[in-house]
Structure formats: C-alpha cells, structure tokens
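Below: the structure, in structure tokens.
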Protein chains: 2
Amino acid sequence: MSNKVAILIIDDEVQMRKLLQITLESNDYIFTEAATAKDGMIMAVNHPPDLILLDLGLPDEDGHTVLKKLREWFTNPIIIVSVQSSEEDIVKALDNGANDYLVKPFRTGELLARIRSALRGIFTEENNPVIINGDLQIDLSARTVKKNEELLKLTSTEYSLLALFAKNEGKVLTHQYLLREVWGPGYINQSQYLRVFIAQLRKKIETDANRPAFIVTESGVGYRFAAKE
Amino acid sequence: MSNKVAILIIDDEVQMRKLLQITLESNDYIFTEAATAKDGMIMAVNHPPDLILLDLGLPDEDGHTVLKKLREWFTNPIIIVSVQSSEEDIVKALDNGANDYLVKPFRTGELLARIRSALRGIFTEENNPVIINGDLQIDLSARTVKKNEELLKLTSTEYSLLALFAKNEGKVLTHQYLLREVWGPGYINQSQYLRVFIAQLRKKIETDANRPAFIVTESGVGYRFAAKE
DNA sequence: CTGTTTTATATAAAGATTTTATAAAGATTT
DNA sequence: AAATCTTTATAAAATCTTTATATAAAACAG
C-alpha cells in the first residue's frame, strides 16, 4: 500500500548501481536494479516501475534495442544514463522513446531534478492516495472524506482521527497512542476527549451509529478501524 | 488552420535566433521570436505556441522568473536553452516546470530530438487553459474570470488566489500554503489577509456570498474550491 | 452460573474558546 | 484621484472542553 515512486535501474556497473541506490533511497524512491538487459526486461514486466533509468552499454544486448523493446509496452518515463555522448546516440535514443538522456558522469542533483521533471504529469490525478473502505473514501491529498460518494463535513480533529485510523486499518490503536498522535503528548490522560470525538465521528461515518462497523471499540484498550469488503 | 507545430524562441542574441530560425524552419516548424522577456510573454499569450525555447539570460527580467510566470498558465513544453551550466540553474529550472534544459552551445540535432521528445504526447492530453466550474470560467492565459459569461473585475491578488484554487479543485488548501503561494513565504502568519481577500472574492464570484458554494471554509485548516456539475 | 458491584464507554448538552466573516478606516501604490 | 493593500475592530459561527448522566462491559462474590 506504499505510495512511493518505484524506479528500476538497468546498468551493469556495480558502483553506478550503488551510487544510484544511495541517491534514490535517500530521496524516498523505491529502488530496484538489474545488471543485464534480460534481467531488466523481466523485472520491468513483473513489477512495472514508475520510471526506468537505462544504461545503453549493457553486456548482453544493445541499449537502443532494449529501449525499443521496452517502449513496445512500457509507457512510463525512461531516462537514458550513458557514457556515450555522441549526438548520434542521443538523437537515436530520444527518437526511440526515451524521455531524457543524461551523459555519465552526471551530477546527482541534476539527475534527481530530471527524474522529478519526467514524473511530473504522470502522477497528477491517478496517484493520489485514496483509502477506500466499504462506502467510505478518504482522500489524503485532498483532505476530504466521502460516504456513498457524498462529501462529509468533518472538523479538523475529526479528520485527523479518522485519517490515523485509516492509515492503520485493522490495528488496535490504544487510547494513549490516539491521544498522543492527534492531540499531543500532553493529552494522553484525556480519555474523555477521545470518547466524545469517537461518538461524533461515528455519527458521521457509520451507517448505524449504534452498531459501529468502522470504528470498533476494544474495551479497556482502544479502538480499531475494521476493514470492510 | 495549419497543422504545423509552432515554436516560440525567447532569446536576446540575434545570432542564436537566426540559427534557430534556419534549423526549425528547415524542419517544418513555424518559427516566432522575441528578444525580451516582456515581448516573449506577450507573444505567448496572444498566440500560444506548441513549445517555447527560453533563454535564461534575458536583458529585462530573470529567466527563472519568466519561466515561473509562464508556468502559471502555459501547459505546453518549455525547453530552456542557456549558457548557464551550473547544477543550481538546471535544477531550479526543471523544478520550476521546464521540460528540458540544454546548455549552449548545443548540437542542433540533439535540440531537434529533444524538441520531438518534448512534443510527444502533447496532442494526446488535453491542456485547455480555461477552467470551467459551474457558471464560472477562469481563463489562465488571459487572466480573466467570467461569471455567467460576464467579465468580473478582480484585482491581481484576488485573481492569483482564485487561479490557485481553480488549479487545485476539490483539494483543501491550508492557510499556510495559500499565503506562501500568493503572498510569499514571509506572509505565512498573516491569516487575516486571507480572510479579507476570501471575503472579497466571495462577494464577486459567489451567487450567494452568505452560502459560499465555490470557496468552502475548512475551519482550522484552510479553504477548498468545490467542484460543481 | 447468577446477580451485584465496579469500571469503562457513549452521548447530549452547556459553557468556553478559537476561528472566521465583514465592514471600515488608514496607508500605500499606481 | 482612484484603486488596491493593510490594519483594526467587532460580530458571528464553528469548534473544543467540560459536565452530567445513561448505558454497556468486566470483575467478583456467593
């Protein structure tokens, strides 16, 4: 259920992969790697990444051919990272469907900026994290909650509480934990707050507030956000 | 109506414009040019091109500022062509919405390939700079707003605020975010500004200002521009 | 196991506080 | 001078906090 961006590196140089791994992971991307064209293709098919960084100088197959094959079905951005700096290579790669071409050695800041640029537009609408549970929809990026497609009016505290539950579906969240996360560390003894707000939330999100289906009470412990099919 | 692709060059060097004119026209692009930021903006608004080649070193205004201003409404590709080769400039430009960055002097074949790459997909996605929501029409390129086909008179700040809302329909925008985007980072505590301007905006765009349908208050958090069918 | 006691939870409603809306006056810019 | 921005003041609305009481669950004694 991660909303992180996955990037696949296809490059035969170990050092380069290591460098990219460190760079990408420290920037919150999910890093996967392949050392050969064959492995790269297989990985791309099995777990289509959001972006591919492709080296043209692979041992088992010509980079331009790999690019062409990928482009037969892969529509997300592909950025070429290559030691080849000839105009011929660059033009060929771009015309074969590469979104960008960076010559090695490159500056990591520039690579990251070009990755962000390539990803822009791909993740405008589709990739916003919406948690769906039964007839409830929680849009974390828009900060909105819908029940049966209808927008609910929640106060800021009610929303924080619900979002916290939604992010921890199925888990029992203790009173202490909920109070600390939503109200702050100084409020861990204000259990009554929690009761009041849980009651208000239930009135808004539950179909039958007397028989709560979303927010279930775990007496003596806390509450649990139950998953619905 | 020609189906040729129109490219606008904004660059103060005469030789560069001449070189690009020859290169582009011999490749079947329609070439238009501007020597200053001001002229470039005017031309872009009057005849929105399919792609803009922008030089960062313009005499009358900082290139990064020009890019930002263009990106407020211009959604087609912008490729930066600049003598500046510092990582800082490249990263800044790409993060400000440039699609690509080419350092001068460049190889014309590579430029053409990067233009082709940037143009790819342009004609698939719709990029209408007019946002329509109910009886409200916001033309981002003309900076005009119509309510029931009638032109509204908005101040520049009111317009910036409304345009920001329109670009983020359905999302809750926090006070901080709005203040930072419209007034600048030094104003994030001036919530009262926001209240005053929201009230003014509502008086102009809402049918019933007492029951706001477009700009909805999210108490304690911010405001949301609601979608109307 | 059953009824009683104790503890925990649910909910409404009143009071307190915070946040928001709006007008209008003063300051600044065009 | 006109338009716009900034500040101040105040009323209204929304939200939070507290209190009171009802209900449900757990613990316990017999």
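These numbers come from the heavy atoms of this one structure, side chains and all, not from hydrogens, waters or symmetry mates. Proteins come first, then strands; the chains are lettered A, B, ... in the order of their sequence lines, and each starts at number 1.
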Any [X] side-chain nitrogen or oxygen under 4.0 Å from OP1 or OP2 of [N]:
| X | N | answer |
| --- | --- | --- |
| B:Asn210 | C:dT22 | yes |
| B:Tyr223 | C:dA21 | yes |
| A:Lys153 | D:dA13 | no |
| B:Ser191 | C:dT19 | no |
| B:Arg202 | C:dA21 | yes |
| B:Tyr193 | D:dT7 | yes |
| B:Lys203 | C:dA23 | yes |
| B:Trp183 | D:dC5 | no |
| A:Arg195 | C:dT9 | yes |
| A:His175 | C:dT9 | yes |
| A:Thr157 | D:dC16 | yes |
| A:Thr217 | C:dA10 | yes |
| A:Gln190 | D:dC16 | no |

Measure from [atom1] on [X] to [atom2] on [N] and round the result to the nearest Å.
| X | N | atom1 | atom2 | value |
| --- | --- | --- | --- | --- |
| A:Glu158 | D:dT17 | CD | P | 12 Å |
| B:Arg211 | D:dA13 | CZ | C1' | 14 Å |
| B:Asn189 | D:dT7 | CG | P | 13 Å |
| A:Leu161 | D:dT15 | CG | C1' | 15 Å |
| A:Leu194 | C:dT11 | CG | P | 13 Å |

Exactly one of B:Leu201, B:Thr174, B:Leu194 should register a side-chain contact (heavy atoms from CB on, under 4.5 Å) with B:Tyr223. Which one does?
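So, applying the side-chain contact (heavy atoms from CB on, under 4.5 Å) to B:Tyr223 and each of B:Leu201, B:Thr174, B:Leu194, only B:Leu194 qualifies.
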
So which of A:Arg202, A:Arg195, A:Arg224 actually passes side chain to side chain donor-acceptor pair (under 3.5 Å) with A:Thr217?
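Exactly one candidate clears the test, A:Arg202.
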
Bending between helix ends of the helix from C:dC1-D:dG30 to C:dT30-D:dA1 [5 pairs per end, 10° resolution]
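Here the helix ends are tilted 30° relative to one another.
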
Taking ring-ring contact (aromatic ring centres under 6.0 Å, His included) as the criterion, tell me which of A:Tyr187, A:Trp183, A:Phe165 meets it with A:Phe197.
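Among A:Tyr187, A:Trp183, A:Phe165, the one meeting ring-ring contact (aromatic ring centres under 6.0 Å, His included) with A:Phe197 is A:Trp183.
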
If you apply the rule side-chain hydrogen bond (donor to acceptor under 3.5 Å, both in side chains), what do you find for B:Ser117 with B:Arg114, and how did you get there?
CA-CA 5 Å; B:Ser117 172; B:Arg114 288 191 180 270; over 6 Å; no

If you find the nucleotide of DNA chain D closest to B:Tyr187 and the one closest to A:Thr155, which residue's nucleotide is nearer the 5' end?
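Mapping each residue to its closest nucleotide by heavy atoms, the 5'-most match is B:Tyr187.
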
Could you check A:Ser219 against A:Leu154 and say which one's nearest nucleotide on DNA chain D is further toward the 5' end?
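Between the two, 5'-proximity favours A:Leu154.
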
Base C:dT11 paired with A:Gln192 side chain (donor-acceptor, <3.5 Å):
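In this structure, the two groups form a donor-acceptor pair.
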
Charged N to carboxylate O below 4.0 Å: is that the case for A:Asp135 and A:Lys147?
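Here A:Asp135 pairs with A:Lys147 in a salt bridge, since their nearest N and O are under 4.0 Å apart.
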
Assess, by modelled atom type and distance only, whether the side chains of B:Asp139 and B:Ser141 contain a donor and an acceptor separated by less than 3.5 Å.
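Side chains of B:Asp139 and B:Ser141: pair found under 3.5 Å.
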
Please step through salt bridge (Lys or Arg N to Asp or Glu O under 4.0 Å) for the pair A:Glu158 and A:Lys204, ending with a clear verdict.
CA-CA 10 Å; A:Glu158 287 164 3; A:Lys204 294 184 181 180; 2.8 Å; yes

Which pair of non-hydrogen atoms, one from A:Thr144 and one from A:Tyr159, has the smallest distance, and what is that distance?
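Closest approach of A:Thr144 to A:Tyr159: N-CE1, 4.2 Å.
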
On DNA chain C, check which nucleotide each of A:Gln200 and A:Glu218 is closest to and give me the residue with the more 5' one.
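Final value for this comparison: A:Glu218.
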
